Amino acid sequence: MIRTLHIFHIMKRFLYQVICTVAFFILIPVVFTLLIQGSGESAVENLGLFSSTETAEYEFDEGILPGIIANEISMDTEEEAIKAQAVIARTNALRAMEKGDNLPEGLTEGEMIKLWGQENFSEYYSLLERCIEATRGIVMVHNGSLIRADFHRSSAGYTRDASDIYEKEEFPYLKSADSRMDLPSEDFLKVMFYSPKRLIEEGGDLFGEEIRGSISEQTAEGLLSKISVTKRDSAGYVTEVAIDGNLHSGEEVRLLYGWNSSAFSMKEVDGEIRIVTKGLGHGLGLSLYGANCLAGEGYSYEDILKYFYAEIEFVAQYD
């Protein structure tokens, strides 16, 4: 009887040790995780880029970047300028995710093959991958927040200052930069001629009923008397234009007509209305043509980005 009780106590102590050991190994990961998490906010989360249950590594797939970059630049671009565009694409994609907006549009591999040709696909795709890997995880921030990395094809000689355009939103990193390297670009200057009838028809509601009702009687000189550029920004882009007694933004007018930029001027020439535009795009942020010129002069991608975006910092979100 005594021997049986002794054996029972030994078995009881053995089971107790087993249970304690199992509990110990179960609790180790939990305790370790709590110690690592601390306050529950990672360095990335402190920047406000991701929610507490998400991380950059799992949330963002660098594999989307080749298609985005391929949709934004031509493949004869200098390598450092492509790297700059990789940082722009990553910054804009992460910013869109943070704000719940749509990601920048990208090309599929099939669309890239159609654009570049099958014979160039492998070379160009490898170049994009190399530039993306060289800048892996790097984004641009201002005061700890991802910037809105605007860019355009070619400026009117100077890029624009966002404060000249936006009254309520401030983008202090979008300052005017000297981009006179854009002047040789084939997109720098475009000249178009409109008959009074065509300008009225394509302008639609820009013109009142009286002008639209007498469209066949309108002359270039008479119509231009109804149009007046009232404000331009420091880079020469139209910010306000009065048309038939109503005010419109230069960007509204240029998008309605499909002009290259809002850096436009109008003049009567031989009974027609001559429209001259400078640059291609909205003129904010980085000029793609200018960035390529700087890369050709030996600028690094960091130098290019700092040239066009003021007071920015580079942050590596992940390795």
Side-chain angles (χ1 to χ4, degrees), residues 36 41-118 120-153 173 285-286 288 291-292 294-295 299-309 312-319:
I36 291 296
E41 294 182 343
S42 68
V44 170
E45 291 160 1
N46 285 332
L47 279 177
L49 305 184
F50 301 94
S51 70
S52 59
T53 59
E54 298 167 338
T55 65
E57 184 175 358
Y58 289 102
E59 181 68 14
F60 186 71
D61 177 12
E62 295 253 309
I64 70 173
L65 293 180
I68 294 174
I69 301 168
N71 193 42
E72 295 175 341
I73 64 172
S74 62
M75 292 311 295
D76 58 356
T77 300
E78 296 279 347
E79 192 160 332
E80 288 301 309
I82 298 177
K83 291 178 185 177
Q85 198 64 27
V87 176
I88 289 173
R90 185 183 297 107
T91 301
N92 285 335
L94 284 169
R95 190 174 190 271
M97 290 164 59
E98 179 189 30
K99 293 184 173 296
D101 297 334
N102 293 329
L103 290 172
E105 293 185 9
L107 300 180
T108 64
E109 289 192 8
E111 290 170 328
M112 292 181 214
I113 291 172
K114 185 176 181 181
L115 177 64
W116 302 333
Q118 182 68 58
N120 295 318
F121 175 75
S122 294
E123 177 188 349
Y124 289 168
Y125 199 89
S126 295
L127 173 58
L128 290 177
E129 288 186 316
R130 186 164 68 248
C131 292
I132 291 167
E133 182 60 29
T135 64
R136 180 173 174 78
I138 297 175
V139 295
M140 291 178 285
V141 300
H142 179 272
N143 288 340
S145 299
L146 291 164
I147 75 166
R148 195 184 87 175
D150 284 338
F151 62 93
H152 55 282
R153 191 69 54 187
Y173 43 83
L286 177 139
L288 293 174
N292 195 47
L294 293 178
Y299 281 60
S300 68
Y301 78 87
E302 297 101 327
D303 292 335
I304 293 170
L305 294 170
K306 286 184 176 181
Y307 185 90
F308 287 107
Y309 303 106
I312 60 165
E313 295 179 336
F314 297 108
V315 175
Q317 295 300 331
Y318 45 84
D319 297 324

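The structure displayed is predicted, hence computed values, not measured ones.
- Atom CE of Met75 sits about 10.5 Å away from atom CZ of Phe121, to the nearest 0.5 Å.
- Among all heavy-atom pairs drawn from Asn71 and Gly106, the shortest one is CB-CA, 4.2 Å.
- Looking only at side-chain heavy atoms (C-beta outward), Leu288 and Gln85 come within less than 4.5 Å of each other.
- In terms of modelled atom types and a separation under 3.5 Å, the side chain of Thr135 and the main chain of Ile138 share no donor-acceptor contact.
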For this session: Show your reasoning for whether salt bridge (Lys or Arg N to Asp or Glu O under 4.0 Å) applies to Arg130 and Glu133.
Result: CA-CA 5 Å; Arg130 186 164 68 248; Glu133 182 60 29; over 6 Å; no
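- Taking the charged nitrogens against the carboxylate oxygens, Glu62 and Arg90 do have a contact shorter than 4.0 Å, which makes a salt bridge.
- Here the OG atom belonging to Ser122 is positioned 12.5 Å from the CG atom belonging to Leu127, to the nearest 0.5 angstrom.
- Atom CD1 of Ile312 and atom NE2 of His142 lie 9.5 Å apart (nearest 0.5 Å).
- At distances below 3.5 Å, at least one donor-acceptor pair connects side-chain atoms of Thr91 with backbone N or O atoms of Met140.
- Panel note: side chain Asn92, backbone Ala149; a donor-acceptor pair is recorded below 3.5 Å.
- The backbone N or O of Glu123 sits nowhere less than 3.5 Å from a side-chain atom of Ser126 that would complete a donor-acceptor pair.
- When all heavy atoms are compared, the tightest approach of Leu94 to Val139 is CD1-CG1, 3.5 Å.
- Using the six-membered ring where Trp is involved, Phe60 and Tyr318 have ring planes that are tilted, between 30° and 60° apart.
- Taking CZ from Phe308 and CG from Leu294, the interatomic distance works out to 5.0 Å, rounded to the nearest 0.5 Å.
- Shown here is Glu313, whose CD atom has no more than 12 heavy atoms of other residues, nucleotides or ligands within 6.0 Å.
- To the nearest 0.5 Å, the span separating OG1 on Thr108 from NZ on Lys114 amounts to 10.0 Å.
- How far CG of Leu107 is from CD of Glu72: 9.5 Å, rounded to the nearest 0.5 Å.
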Problem set entry | Worked verdict on Leu305 versus Ile88 for side chain to side chain contact (heavy atoms under 4.5 Å, CB included) | CA-CA 9 Å; Leu305 294 170; Ile88 289 173; 3.9 Å; yes
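- Using a distance-only test at 3.5 Å, with no hydrogens or angles considered, no donor-acceptor pair links the side chain of Gln317 to the main chain of Gly137.
- Taking each heavy atom of Ala84 and Tyr301 in turn, the nearest pair found is N-CB, 3.6 Å.
- Listed by chain and number, the residues in a side-chain contact (heavy atoms from CB on, under 4.5 Å) with Arg148 are Arg95, Asp150, Tyr166, Phe171, Tyr173, Leu174, Leu284 (sequence neighbours excluded).
- Looking at every heavy atom in both residues, Ile69 comes nearest to Leu128 through CG2-CD2, 3.7 Å.
- Checking side-chain atoms of Asp303 against main-chain N and O of Tyr299 turns up no donor-acceptor pair under 3.5 Å.
- Of all non-hydrogen atoms in Ala93 and Leu103, the two that sit nearest each other are O-CD2, 3.5 Å.
- Residues Ala81 and Ala295 approach most closely at N-CB, 3.8 Å, considering heavy atoms.
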